[in-house]
Amino acid sequence: MSTVVADEKLMSLIREIQAKKKLNPPVAKKTWREAFGTMPDDEFSREAARLGEEWRRSEKIAE
């Protein structure tokens, strides 16, 4: 494959991607919490935190 053919294919792909982005643009989130979220404060998350702390103590990771 020559560099001219490869360049034409690359430019074709770039145009295709740009056209798709115009049809369905990415939606930016306003805040960090909206983008990544936070862990809920419920029974399951507290239990997960407790078990994680218990495991770290047993492995002597956090003292």
Side-chain angles (χ1 to χ4, degrees):
M1 180 184 304
S2 71
T3 57
V4 174
V5 173
D7 191 43
E8 289 173 2
K9 285 186 176 185
L10 176 62
M11 293 309 293
S12 174
L13 285 172
I14 290 172
R15 283 191 295 275
E16 184 180 336
I17 291 169
Q18 289 172 338
K20 287 182 179 183
K21 278 187 176 181
K22 285 182 183 178
L23 293 175
N24 190 14
V27 178
K29 303 290 183 179
K30 294 178 187 176
T31 64
W32 184 89
R33 288 182 191 265
E34 286 180 13
F36 300 101
T38 57
M39 204 162 115
D41 184 27
D42 61 7
E43 179 183 341
F44 296 116
S45 61
R46 287 188 294 272
E47 180 68 5
R50 186 190 68 75
L51 290 171
E53 181 65 27
E54 185 179 306
W55 176 79
R56 285 189 290 281
R57 279 196 203 121
S58 73
E59 296 291 319
K60 298 185 183 354
I61 294 173
E63 293 190 29

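The figures that follow rest on heavy atoms only: side chains count, while hydrogens, waters and symmetry mates do not. In this text, all values refer to a predicted model and were calculated from it rather than measured experimentally.
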- Query: Which residues pass the side chain to side chain contact (heavy atoms under 4.5 Å, CB included) test with E43, sequence neighbours left out?
  - Reply: R46
- Query: Between K21 and Q18, does a side chain to side chain contact (heavy atoms under 4.5 Å, CB included) hold up when you go through it step by step?
  - Reply: CA-CA 5 Å; K21 278 187 176 181; Q18 289 172 338; 5.6 Å; no
- Among Ile, Leu, Val, Met, Phe, Trp and Tyr joined by side-chain contacts under 4.5 Å, find the other residues sharing a cluster with L10 and list them by chain and number.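 Members alongside L10: M11, I14.
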- Message: Suppose clustering is done on Ile, Leu, Val, Met, Phe, Trp and Tyr with side-chain heavy atoms closer than 4.5 Å. Which residues sit in the same group as V4?
- Response: none
- Message: By the definition salt bridge (Lys or Arg N to Asp or Glu O under 4.0 Å), identify the one residue from E53, E54, E59 that meets it with R57.
- Response: E53
- Task: Please determine if E47 and R50 form a salt bridge, counting it only when a charged side-chain N lies under 4.0 Å from a carboxylate O.
- Result: yes
